[in-house]
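One structure below.
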Amino acid sequence: MGLAQYAIVAVGDHWSALHDGNAHGDYATKEAAFESAASAATLAIKQGHEVHLSVPGNDPDRSNN
């Protein structure tokens with residue numbers, strides 16, 4: 001099986017979940033983007049993939065952390 005990579009990234013004042021380099025979703029909070037990516041990652045694990053899930057820490061310059 002392959003590697004499924006997920007990364008939560010800021011897009012303007014919203015958040016998105018990158019999956020293998022492609023942005024998916026438009027979320028108001030980092031937590032919502034994480035929940036979506038975690039759900040997809042769960043399926044990938046069940047399919048036998050190695051999974052990497054990255055979420056940035058708090059950035060004091062962002063107001064929606």
Side-chain angles (χ1 to χ4, degrees):
M1 290 292 145
L3 170 64
Q5 296 182 328
Y6 301 87
I8 306 307
V9 295
V11 179
D13 63 349
H14 285 89
W15 295 89
S16 187
L18 291 181
H19 171 55
D20 295 335
N22 297 313
H24 296 276
D26 180 25
Y27 303 95
T29 66
K30 178 172 39 176
E31 293 81 4
F34 169 79
E35 289 175 5
S36 175
S39 178
T42 298
L43 179 59
I45 290 169
K46 287 179 182 179
Q47 294 173 340
H49 297 285
E50 177 179 349
V51 171
H52 295 182
L53 176 54
S54 173
V55 181
N58 289 342
D59 180 350
D61 295 332
R62 290 194 51 95
S63 60
N64 64 347
N65 282 331

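Just so you know, these numbers come straight off a predicted model, no measurement behind them.
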Test log, rule side chain to side chain contact (heavy atoms under 4.5 Å, CB included), inputs F34 and L53 = CA-CA 9 Å; F34 169 79; L53 176 54; 3.4 Å; yes

How close do [X] and [Y] get, counting heavy atoms only, and between which atoms?
{"X": "I8", "Y": "P56", "result": "O-CD, 3.2 Å"}
{"X": "K30", "Y": "N58", "result": "NZ-OD1, 3.3 Å"}
{"X": "H19", "Y": "A4", "result": "CE1-CB, 4.1 Å"}
{"X": "A44", "Y": "V51", "result": "CB-CG2, 3.9 Å"}
{"X": "A33", "Y": "W15", "result": "CB-CB, 4.0 Å"}

message: Looking at D26, is its backbone amide N or carbonyl O close enough to the side chain of S16 to form a donor-acceptor pair, meaning the two atoms are under 3.5 Å apart?
response: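 Judged by distance alone, no pair lies under 3.5 Å.
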
Margin query: Is it the case that the side chain of S39 and the backbone of E35 share a donor-acceptor pair, with hydrogens and angles ignored and the cut-off at 3.5 Å?
Written below: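 No; judged by distance alone, with no hydrogens or angles, the pair does not exist.
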
side-chain contact (heavy atoms from CB on, under 4.5 Å) against L43, all qualifying residues, sequence neighbours excluded: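 Result, side-chain contact (heavy atoms from CB on, under 4.5 Å) vs L43: Q47.
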
Are there more than 12 heavy atoms of other residues, nucleotides or ligands under 6.0 Å from atom OH of Y6?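 Enclosed.
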
